[in-house]
Amino acid sequence: MSRPPRFFLIAGEPSGDALGAALMAGLKSLAPGVAFHGVGGPLMQAEGLTSLFPMDELSVMGIAEVLPRYFALKRRIAQSADAVLRLQPDALITIDSPDFSLRVAARVKAGGRIRTVHYVAPTVWAWRPKRAARMARVIDQVLALFPFEPPFMQAEGMRCDFVGHPVVAQPHATPAEAAAFRAAHGIAPDAQLVLALPGSRRGEVARLAPVFGAALAPVLARHPALRVVVPAATPVAEAVQHLIRDWPGTPLVLDPRRAAPSDKRAAFAAADLALAASGTVSLELAANCVPMVIAYDMNWLSRQIIGRMLRLDTVTLVNIVSETRAVPEFLGAACKPEPIAAALLRLLDDPEARAAQLSAARLTMTRLGQGGEAPGLRAARAVLDGLG
């Protein structure tokens with residue numbers, strides 16, 4: 001290539017913004033002079049992207065949220081695709097947000113022969129396997145977070161590179177910072193500390209908080225010195241404060257609107273155990289070697305639909321990546337206080353159960369790329385290699 005490469009990137013969520021920023025940093029280190037265009041948030045903008053429009057406009061989920069903005073989103077799809085076709089970059093790189101990203105990619109493919117790369121493979125291994133075939137119509141290359149994903153994408157004719165999961169590059173608090181966190185909040189050095197993480201969306205927090213509180217009651221009855229810490233997500237921090245008022249043990253809420261980001265890292269480093277909603281938080285806990293119990297519930301109709309679509313007997317990423325079932329999970333109708341409490345007590349009281357989880361956590365992190373090249377750099381290398 002006689003000139004530095006040019007890329008058009010699109011991210012629609014904060015998590016995608018973080019992935020995009022790390023990818024851009026990797027591309028700058030491997031291809032000096034690289035130019036970026038597209039749509040991104042503050043992290044991507046800090047790496048040199050001027051966003052075509054505010055990324056926040058794309059951060060919508062669910063039918064009720066999307067419908068009022070349907071025509072505005074359609075205009076943004078057309079605007080983005082037109083900008084790509086005018087620029088003629090070496091590749092269009094879309095990052096997660098498939099409902100928006102793949103529609104842009106389809107318009108770009110219809111209007112030219114620009115290479116398309118999608119960062120984060122769809123979870124076809126868990127549900128809706130036909131998504132890979134539909135994606136293959138408009139995507140040339142996929143960057144995968146999990147090592148078992150490439151065969152699913154390659155089977156549909158797409159190049160797929162495992163680049164590692166961003167959790168392996170996240171900073172961790174030191175033991176000294178964990179001790180300082182305990183001291184700052186009056187938690188004794190030898191007191192057991194349980195993290196409660198009921199989710200980051202209002203609906204799931206409203207549904208799970210009462211169950212979590214009831215599950216913690218017998219645990220605190222047997223371990224009265226135990227302390228409960230609740231690292232709240234920004235969108236639900238106020239709701240969490242309200243919903244845990246009746247929880248036992250005077251839990252400490254870490255409100256990100258007032259607490260420093262380092263407080264959450266220190267809490268994870270200081271924790272002995274966690275009760276968490278299903279999601280990527282299980283990987284954050286595994287990265288910090290925190291044994292956990294996973295619980296999740298949804299409305300009855302969603303239970304029936306998703307239950308019929310699931311292709312696995314577990315949804316916990318640590319179980320899936322480690323190919324174990326070390327992490328107990330209580331989903332749907334099984335999301336009840338009594339069995340959750342029993343699982344928490346077993347982890348507190350049974351060293352063998354804790355050891356099995358820690359072994360699965362270490363294996364998970366190794367398989368996700370810990371100790372190797374940073375995921376952003378690996379992703380950049382794969383993108384450049386795909387250009388030929």
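Only heavy atoms go into these numbers, but all of them, side chains included; no hydrogens, no water, no symmetry mates.
- One finds no salt bridge joining Asp263 and Arg258 here, because no Lys/Arg side-chain nitrogen approaches an Asp/Glu carboxylate oxygen to under 4.0 Å.
- A salt bridge links Glu57 with Arg76: the distance from a Lys NZ or Arg NE/NH1/NH2 to an Asp or Glu carboxylate oxygen falls below 4.0 Å.
- Linking Ile, Leu, Val, Met, Phe, Trp and Tyr whenever their side-chain heavy atoms come within less than 4.5 Å leaves Leu43 and Leu23 in two separate clusters.
- Open room surrounds CD on Glu238; 12 or fewer heavy atoms of other groups in view lie less than 6.0 Å from it.
- Heavy-atom minimum distance, Leu358 versus Cys289: CD2-O, 3.2 Å.
- Looking only at side-chain heavy atoms (C-beta outward), Cys160 and Phe152 stay at 4.5 Å or farther from each other.
- One hydrophobic cluster, built from ILVMFWY side chains closer than 4.5 Å, holds both Val39 and Leu85.
- Although no hydrogens or angles enter the test, the distance criterion places no donor-acceptor pair under 3.5 Å between the side chain of Lys28 and the main chain of Gly33.
- The closest side-chain heavy-atom distance from Leu208 to Cys335 is below 4.5 Å.
- Partner of Arg159 under the side-chain contact (heavy atoms from CB on, under 4.5 Å) criterion, chosen from Val117, Val142, Asp385: Asp385.
- Dense packing is recorded around CZ of Arg265, with more than 12 heavy atoms of other residues, nucleotides or ligands lying under 6.0 Å away.
- Considering only heavy atoms from C-beta on, Leu283 comes within 4.5 Å of Leu368 through its side chain.
- In this structure the side chain of Leu384 reaches within 4.5 angstrom of the side chain of Phe7, judged on heavy atoms.
- Cluster membership for Leu331 and Leu347, using ILVMFWY side-chain heavy atoms within less than 4.5 angstrom, is shared.
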Legend entry - Evaluation steps, side chain to side chain donor-acceptor pair (under 3.5 Å), between Glu329 and Thr314: CA-CA 8 Å; Glu329 60 182 26; Thr314 179; 2.9 Å; yes
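- Environment of CZ in Arg113: sparse, with no more than 12 heavy atoms of neighbouring residues, nucleotides or ligands closer than 6.0 Å.
- The side-chain contact (heavy atoms from CB on, under 4.5 Å) test with Leu195 is passed by exactly one of Leu273, Asn288, Val228, Leu285: Leu285.
- In terms of hydrophobic clustering, with Ile, Leu, Val, Met, Phe, Trp and Tyr side chains grouped at heavy-atom distances under 4.5 Å, Phe162 and Met153 are assigned to different clusters.
- In terms of modelled atom types and a separation under 3.5 Å, the side chain of Arg367 and the main chain of Val321 share a donor-acceptor contact.
- Judged by distance alone, with hydrogens and angles left aside, the side-chain atoms of Asp17 form no donor-acceptor pair with the main-chain N or O of Gly40 at under 3.5 Å.
- The shortest side-chain heavy-atom distance between Met158 and His118 does not fall under the 4.5 Å cut-off.
- Taking 4.5 Å as the limit, every side-chain heavy atom of Leu52 sits out of range of all side-chain heavy atoms of His37.
- Closest of all the heavy-atom pairs between Gly199 and Glu204 is CA-OE2, 3.3 Å.
- Between the side chains of Arg131 and Thr123, at least one donor N or O sits under 3.5 Å from an acceptor N or O.
- Residues Thr116 and Lys109 are in side-chain contact: their nearest non-hydrogen atoms beyond the backbone lie under 4.5 Å apart.
- Minimum heavy-atom separation, Glu47 to Ala21: CG-O, 3.6 Å.
- Residue Leu377 comes nearest to Ser29 through the heavy atom pair CD1-OG, 3.4 Å, listed as atom of the first residue, atom of the second, then distance.
- Taken together through direct or relayed side-chain contacts under 4.5 Å among Ile, Leu, Val, Met, Phe, Trp and Tyr, Phe212 and Leu345 form part of one hydrophobic cluster.
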